[in-house]
Amino acid sequence: MDNIDLSMWRSANLWLVPVLYLSFALLARLAALGNERCWTLAKLLGLAGLSLAALALAQTVLFGAKTVMLPGAVQLGTWGAITFHARADLIGNLFMVMVNLIGWIIIGFSQRYLSGEAGQRRYVISLLVTLAAVNVVVISNNMIVLALAWVLTSIALHSLLTFYPLRTQAIFAAHKKFIVSRIADVCLFIAIGIIAHQTGSLELDQIAATISALPALNRDLQIAAVLLALTAALKCAQLPFHGWLIQVMEAPTPVSALLHAGVVNLGGFLLIRFSFLMVASAPAQLLLVFIGAITAVCAALVMMTRISIKVSLAWSTCAQMGFMLMQCGLGVYELAALHLLAHSLYKAYAFLNSGSTNARLNLKAGQPDSLGLGNRLLSGCAGLMIVFALFYLIHPSTSIAQPLFAFAVIIALALAPLLSFNLSRDSILNNFKFVGYAAALVLVYLALHQVFADHLGVSVTDHAGWMTLRVGVVVALFVGLHLLQSVVLEKTYRPLFERLYPMFFGGFYLDDLFTRLTFWIWPAPLKNGTHQPSSRPSRSV
């Protein structure tokens, strides 16, 4: 990416969105605006932010991806300088549009949801600060600015999560998140310090060029990569630090939508921004694969026992973030970016539409869920045949690369229940139509993968056979998950499910020890000034 000054109108367009959000938040704080005026101006501001983000995306498509160079810098000696340079690239602008679209929708939904509630002005201020900080994270090219904006995102979100100060369970969950986030911040700043010391710069594009020219990472840069992996795992609520994400459901529903659709995804976006470093570190990649794959599988098993819609969606987010980290660990950052965008849009819709979802699930409750173990396995084989045929159709001259082979298996396993359910009930003509729909879906997925791969340009590296180990772990875990889910859903194996149910429902009890430890180290202050005792709080989900 060339460091070329852009015209003032394109430069201002990128930074105008967070500046507008922060300016209005400050105005609402100082001028003590009424609720109705706050909401009206916030909705107009959200629409303006979405329009500016869409304009920035159009500019990138038309004029190409570059780095916005703004005058002024704070020198930090040999570490580089703190600047407000911004990246105008396709991935960042897509995320910017997504963030502002979800933010605009959530602002309108929040006004209806909080009608008659006290503290609405405080809610609007915190929401706008959160959106401003997330936008800075997405567009910043400077590591220090990115990290500080991420910290501000966490602090502003904490105010939203504790919007109801008398809901003890929400206070406990927000307190746990605060502790986990601060640990992640320490890891992030140490990693930034190491990278800046080794490369002499704080600008991501310059660091990428420096690291790409190295034959291999030295020990310090390997440590920095591992710290970035830990940062992402902590921010993305991976096991065993996931409890706060599940237990924070007493916050307002639009806050849950913002958290699950936007803020929790920033860990994945961080890895995408540092992909040039992560792909060169085998230990960091292996760590991401193990943490992500195990979290995805365990969370998927726990979801089988949940009946609360919001809690089930929270476990889904935990699993999806694990899946995304696993994609990063396999080096396919283009799939991780695609996954983050799709998950954000889906999860925002799912939370804001959770009432209707509950009604639909009640209607489905009486339908049989047993499709036969043999039918499921045959459908899995059919799915594999479809997916592999399409992969080879698109890449006829080469065999499937190892990471793509793993995702071919996962896609086939995901198609298996749909194929099993539909092919066992429809006519022959409808069966062919459904297979065609499944094939079209896979083709769209592969096409989008290619688009994102062209713009990210991250090459997958096999470090002395470590890729084979990572792919083997992923395939084994997801095939095992598919078999276990198929077995426990069959009535014949019901006693097995009854024995496993308490462990699944308890989330494998991984959060209990962490909860005791956090409240022993730093008890959560309650509204009346008392503190949570060191014993584990009662679990309500």
Side-chain angles (χ1 to χ4, degrees), residues 20-51 98-134 153 155-174 177 245 247-264 308-314 317 344-362 527 540-541:
L20 284 176
Y21 284 136
L22 287 175
S23 299
F24 178 75
L26 182 62
L27 174 65
R29 175 78 175 179
L30 297 177
L33 300 177
N35 289 339
E36 288 299 322
R37 182 169 295 182
C38 273
W39 286 118
T40 300
L41 293 177
K43 286 189 290 186
L44 291 175
L45 199 61
L47 183 59
L50 175 59
S51 301
M98 181 268 296
V99 166
N100 288 281
L101 172 62
I102 292 174
W104 177 53
I105 294 172
I106 286 176
I107 290 171
F109 187 91
S110 298
Q111 182 181 13
R112 298 188 298 273
Y113 185 89
L114 297 175
S115 179
E117 295 276 3
Q120 293 183 45
R121 185 170 64 91
R122 171 171 55 89
Y123 177 95
V124 172
I125 293 173
S126 299
L127 178 58
L128 293 179
V129 173
T130 303
L131 292 174
V134 173
T153 301
I155 295 173
L157 182 66
H158 185 83
S159 176
L160 293 173
L161 294 175
T162 57
F163 179 74
Y164 297 117
L166 298 180
R167 294 188 178 181
T168 304
Q169 202 64 26
I171 300 299
F172 291 160
K177 178 196 176 299
L245 185 67
Q247 297 156 2
V248 79
M249 291 299 102
E250 289 194 47
T253 295
V255 176
S256 299
L258 177 66
L259 170 62
H260 289 260
V263 177
V264 79
S308 169
I309 298 300
K310 289 181 68 175
V311 172
S312 179
L313 289 173
T317 298
S344 296
L345 296 174
Y346 158 72
K347 200 53 65 76
Y349 169 81
F351 268 99
L352 298 181
N353 199 43
S354 56
S356 300
T357 302
N358 186 53
R360 288 195 299 270
L361 290 180
N362 287 337
K527 188 65 177 177
S540 61
V541 295

message = Please determine whether side chain to side chain contact (heavy atoms under 4.5 Å, CB included) holds for the pair Glu36 and Gln111, giving the CA-CA distance in whole Å, both sets of side-chain angles, and the decisive distance to 0.1 Å.
response = CA-CA 9 Å; Glu36 288 299 322; Gln111 182 181 13; 3.6 Å; yes
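- With hydrogens and angles disregarded, no donor-acceptor distance shorter than 3.5 Å links the side chain of Arg167 to the backbone of Ala251.
- Residue Ile125 holds its CD1 atom at 9.0 Å from CG of Leu26, rounded to the nearest 0.5 Å.
- Looking at Leu20, Ile107, Leu22, Leu41 one by one, the single match for side-chain contact (heavy atoms from CB on, under 4.5 Å) with Leu128 turns out to be Ile107.
- Here the closest non-hydrogen pair linking Cys38 and Phe24 is O-CZ, 3.8 Å.
- Looking only at distances, a side-chain donor or acceptor of Gln120 sits under 3.5 Å from a matching main-chain atom of Leu114.
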ask   = What's the verdict on side chain to side chain contact (heavy atoms under 4.5 Å, CB included) for Tyr349 and Ile105, showing C-alpha distance, side-chain angles and the deciding distance?
value = CA-CA 10 Å; Tyr349 169 81; Ile105 294 172; over 6 Å; no
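- Thr40 contributes atom OG1, which lies 12.5 Å from atom CG of Leu45 (distance to the nearest 0.5 angstrom).
- No side-chain heavy atom of Trp104 sits less than 4.5 Å from a side-chain heavy atom of Ser51.
- Using a 3.5 Å distance cut-off with no hydrogens or angles, the side chains of Tyr21 and Asn100 do pair a donor with an acceptor.
- Counting heavy-atom neighbours within 6.0 Å of Trp39 CH2, excluding the residue itself, gives a total above 12.
- Taking CG of Leu245 as the reference point, atom CG of Leu259 lies at 6.0 Å (rounded to 0.5 Å).
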ask   = Where do Leu131 and Ile106 land on the side chain to side chain contact (heavy atoms under 4.5 Å, CB included) test, with the steps shown first?
value = CA-CA 11 Å; Leu131 292 174; Ile106 286 176; over 6 Å; no
key: Worked verdict on His260 versus Leu313 for side chain to side chain contact (heavy atoms under 4.5 Å, CB included)   = CA-CA 9 Å; His260 289 260; Leu313 289 173; 6.0 Å; no
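- Side-chain atoms of Ser126 and Phe163, non-hydrogen and from C-beta on, never get closer than 4.5 Å to each other.
- The shortest non-hydrogen separation linking Ser344 to Ile102 is O-CD1, 3.8 Å.
- We find the NZ-CG distance between Lys347 and Leu258 to be 13.5 Å, quoted to the nearest 0.5 Å.
- Here the CZ atom belonging to Phe172 is positioned 13.5 Å from the OG1 atom belonging to Thr162, to the nearest 0.5 angstrom.
- Rounded to the nearest 0.5 Å, atoms CG (Asn35) and CD (Glu117) are 11.0 Å apart.
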